[in-house]
Amino acid sequence: MTIYEQIKQSIRDKVNEALSAAKANGELDFADIPDYVVEEPREKEHGDFAVNAAMLLAKQAKKPPRVIAESIVGHLQTEGSYIASAEVAGAGFVNFRLHPEWITRILSVVEEEGENFGRINIGNGKKVMVEFVSANPTGPMHMGNARGGALGDCLASVLDWAGFDVTREFYINDAGNQIEKFGNSLEARYIQLLKGEDAIAFPEDGYHGDDIRQRAKAYIDAHGDGLLEADREARKAALVAFALEMNIDDLQKDLEKYRIYYDVWFRESVLHENGEARRVVQELLDRGYAYESEGAIWFRATDFGEEKDEVLVRQNGFLTYYAVDIAYHKNKFVDRGFDTVINIWGADHHGHVARLKAALSALGIEPERLEIILMQLVRLVSGGEVVRMSKRTGKSITLKDLLEETSIDAARFFFNMRQANSHFDFDLDLAVEQSNENPVFYVQYAHARICSILRLLSEQGIKVPRAAEVDTSLLSTEQEMALMKKLADLPESVRQAAQLREPSLMTRYAMDLAAAFHGFYAACKVKCEDAALTKARLLLCNAVRITLSNVLSLLSISAPEQM
């Protein structure tokens with residue numbers, strides 16, 4: 001249990017005891033104690049915690065909430081607890097004020113847990129896959145992939161910190177229509193490079209990027225013109241095999257530069273080669289959820305509330321992307337045994353969500369085990385204007401271009417500052433600005449400032465003390481108490497981020513903790529005439545350093561010691 005959980009449970013136990021005592025002496029009459037909330041009041045003057053038990057019990061006890069609340073307070077036994085006082089407020093809340101010692105305990109907890117402070121276990125080792133980015137391997141990654149990469153990787157870290165067994169996966173679309181277009185494009189550039197632009201017309205629906213020309217040239221440099229005499233399908237297959245591996249290698253390198261390391265790179269082609277995709281279509285037929293019509297095979301999506309049925313196998317015998325995606329997700333749940341699968345998709349995929357979940361239901365897989373996070377578009381802004389083209393290439397902005405314009409730290413932090421379903425403007429000017437207006441600089445500067453304090457005092461022979469050597473009751477100012485409360489918030493922030501699938505709560509926590517530290521630093525001198533107080537504040541500073549480092553580590557953002 002975290003400190004907050006222990007305190008809340010202690011308050012709950014005392015309230016339950018008080019209600020039971022009031023019932024025993026006939027003051028209150030009720031059958032069951034309701035599931036009330038123990039929470040922090042929005043206004044500080046209302047105390048440290050409050051409960052709404054009286055309001056929820058009013059109908060059952062047939063008494064006004066304030067009367068019930070007064071009965072609770074009248075029967076409270078607070079000896080041996082952190083409760084200093086309790087009072088009735090408003091329509092029937094009971095507000096609690098705690099002895100200061102409850103929060104100073106956090107300093108010894110941070111010291112004891114160190115780099116593991118903030119880790120919790122609500123996952124109990126359940127297997128969770130986070131599949132994200134999964135960019136088309138026919139070209140470089142764009143800005144949407146940059147956002148999806150940061151969101152997916154940080155969500156995976158949050159879930160790991162919350163006690164889940166997490167797998168990061170990249171799905172390589174190395175089969176299907178896009179690979180056919182890729183092969184046609186490579187073939188045209190290959191022939192044009194060897195025989196001239198007029199030797200073959202470039203396909204209208206082909207990939208026109210310069211990367212295609214570069215891949216064709218690289219093949220020529222490595223293998224010459226031997227494919228000119230080859231059968232067309234063999235030629236395309238050789239070019240695709242060569243270029244695809246180069247593209248996948250580049251994707252991996254770019255993502256690793258972005259501090260994203262996948263556990264699994266899963267190839268779509270495997271589902272075709274081993275027959276899984278065909279077998280899942282047959283299974284849907286066998287279960288009665290698919291049928292043949294007009295030479296095609298259809299999924300009965302209308303049985304699950306969709307407006308129309310969906311094609312699984314076209315008239316030409318080719319599997320649709322939908323059919324293969326069903327097989328891929330069956331592989332995740334059935335073959336590999338993931339309890340939960342979380343996919344981060346672009347918002348343009350919203351129509352695919354219900355269809356995929358319907359197919360899982362048809363296969364006997366609980367659709368709620370699949371969670372889809374839809375990510376909105378991101379725009380790059382500089383000088384108040386939207387940036388659409390790369391300075392280096394004159395083409396659309398790629399992940400590589402972005403990381404040349406700003407730091408990896410800024411990119412990862414900024415992309416995790418908003419919920420995935422919100423549109424986001426990435427301000428390039430702010431991202432490189434070294435001021436408190438830049439949120440990542442603001443957080444990193446707090447960490448560096450603490451390291452500087454510790455370094456300077458260490459040079460004067462003043463070391464960080466052990467918590468057992470410190471009188472933490474000396475930490476009593478408003479700023480010190482606020483800072484310790486914010487430290488104690490970390491495990492709960494991790495819990496909420498994991499349960500809500502919302503990594504932006506972690507950047508918000510980092511900014512709030514940095515703000516609390518900067519406020520403390522402005523109001524409280526660390527080295528002061530009172531040696532005991534100096535030791536207590538030094539211990540507090542070190543606890544903040546550890547906590548900031550942990551949060552930044554969770555986000556895969558550096559925690560500099562000097563700036």
Side-chain angles (χ1 to χ4, degrees), residues 123-137 148 152-153 155-156 159-160 163-179 244-245 248 251-252 255 260-290 297-301 303-304 310-313 317-345 349 352-373 501:
N124 296 309
K126 288 184 178 178
K127 290 182 63 177
V128 176
M129 176 199 287
V130 183
E131 185 224 317
F132 58 105
V133 179
S134 297
N136 194 327
D153 193 49
L155 175 57
L159 292 169
D160 173 70
F164 292 89
D165 178 5
V166 182
T167 294
R168 292 167 170 84
E169 181 151 307
F170 189 112
Y171 182 54
I172 304 171
N173 298 120
D174 63 339
N177 187 54
Q178 76 276 6
I179 297 300
L244 198 60
E245 294 311 310
I248 293 170
L251 289 175
Q252 187 167 356
L255 287 163
I260 297 175
Y261 298 87
Y262 287 92
D263 301 295
V264 178
W265 291 74
F266 190 100
R267 292 177 182 256
E268 177 187 346
S269 56
V270 170
L271 300 169
H272 293 272
E273 293 165 2
N274 65 15
E276 282 187 62
R278 294 284 175 184
R279 284 196 296 274
V280 84
V281 172
Q282 187 59 51
E283 183 175 351
L284 289 169
L285 284 166
D286 294 343
R287 286 173 174 261
Y289 290 112
I297 298 178
W298 301 72
F299 172 65
R300 297 184 186 278
D303 286 2
F304 298 88
E310 297 292 333
V311 178
L312 297 171
V313 183
F318 289 170
L319 292 162
T320 62
Y321 181 83
Y322 178 52
V324 180
D325 210 23
I326 296 169
Y328 175 44
H329 285 81
K330 182 187 177 187
N331 176 280
K332 292 178 178 182
F333 288 112
V334 177
D335 297 353
R336 290 189 278 163
F338 285 98
D339 297 295
T340 301
V341 170
I342 303 171
N343 295 343
I344 297 181
W345 290 349
H349 287 74
H352 190 53
V353 176
R355 292 194 295 269
L356 182 55
K357 289 195 172 193
L360 292 179
S361 293
L363 292 171
I365 299 167
E366 300 90 336
E368 56 272 11
R369 291 169 61 192
L370 173 63
E371 301 177 23
I372 309 292
I373 296 174
R501 313 302 198 224

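- Of the possible polar contacts, none joining the R300 side chain to the L284 backbone as a donor-acceptor pair under 3.5 Å is found.
- Paired with F132 under the rule ring pair (Phe, Tyr, Trp, His ring centres under 6.0 Å), one option of Y171, W345, Y262 passes, and it is Y262.
- Atom CZ in F338 sits 11.5 Å away from atom NE2 in H329 (nearest 0.5 Å).
- Taking every heavy atom of both residues into account, A290 and I297 meet most closely at CB-CG2, 4.3 Å.
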TODO: Report the C-alpha distance between V334 and L363 in whole Å, list the side-chain angles of each, state the deciding distance to 0.1 Å, and finish with yes or no for side chain to side chain contact (heavy atoms under 4.5 Å, CB included).
DONE: CA-CA 10 Å; V334 177; L363 292 171; over 6 Å; no

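- Proximity of a side-chain donor or acceptor of S269 to a complementary backbone N or O of D174 within less than 3.5 Å is not detected.
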- [ ] Test E273 against R267 for side chain to side chain contact (heavy atoms under 4.5 Å, CB included), laying out the working first.
- [x] CA-CA 10 Å; E273 293 165 2; R267 292 177 182 256; over 6 Å; no

TODO: Give the C-alpha distance, both sets of side-chain angles, the deciding distance and a yes or no for side chain to side chain contact (heavy atoms under 4.5 Å, CB included) between D153 and V133.
DONE: CA-CA 10 Å; D153 193 49; V133 179; over 6 Å; no

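- For the atom pair CG (L271) and CD (E276), the distance works out to 5.5 Å, reported to the nearest 0.5 Å.
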- [ ] List the steps and the verdict of side-chain hydrogen bond (donor to acceptor under 3.5 Å, both in side chains) for H349 and N343.
- [x] CA-CA 11 Å; H349 287 74; N343 295 343; over 6 Å; no

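- Pairs passing the salt bridge (Lys or Arg N to Asp or Glu O under 4.0 Å) check and including a residue from residues 333-342, sequence neighbours excluded, read E169-R336.
- Looking only at side-chain heavy atoms (C-beta outward), V313 and T320 stay at 4.5 Å or farther from each other.
- Atom NZ of K357 sits about 7.0 Å away from atom CD of E371, to the nearest 0.5 Å.
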Task: Residue pair D325, H352: steps toward the side chain to side chain contact (heavy atoms under 4.5 Å, CB included) verdict - done: CA-CA 10 Å; D325 210 23; H352 190 53; 2.8 Å; yes

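- Of all heavy-atom pairs between F304 and A362, the closest is CZ-CB, 3.8 Å.
- Side-chain contact between F170 and I260: absent, with no pair of heavy atoms (C-beta onward) separated by less than 4.5 Å.
- With 3.5 Å as the limit, one finds no donor-acceptor pair spanning the side chains of N173 and Q178.
- Taking each heavy atom of L319 and A277 in turn, the nearest pair found is CD1-CB, 3.5 Å.
- One finds the CG atom of L360 at 9.5 Å from the NZ atom of K332 (value rounded to the nearest 0.5 Å).
- The OG1 atom of T167 lies 10.5 Å from the CG atom of D160; values are rounded to the nearest 0.5 Å.
- For Y261, the OH atom sits in a packed shell: over 12 heavy atoms of surrounding residues, nucleotides or ligands are nearer than 6.0 Å.
- Between E310 and A301, the shortest heavy-atom distance links the atoms CG-CB, 4.1 Å.
- For A323 against L312, the heavy-atom pair with the smallest separation is CB-O, 3.4 Å.
- Checked by atom type and distance alone, the side chain of D263 pairs as donor or acceptor with a backbone atom of R168 at under 3.5 Å.
- Of the possible donor and acceptor atoms, none in the side chain of Y328 sits under 3.5 Å from a partner among the backbone N and O of F266.
- Not a single donor-acceptor pair under 3.5 Å links the side chain of R501 to the backbone N or O of L159.
- Residues R278 and G317 approach most closely at NH2-O, 2.8 Å, considering heavy atoms.
- Cation-pi contact between K126 and F164: absent, since separation from the ring centre below 6.0 Å together with deviation from the ring axis within 45° is not met.
- In this structure, the separation between CD1 on I248 and CD1 on I172 is 4.0 Å, given to the nearest 0.5 Å.
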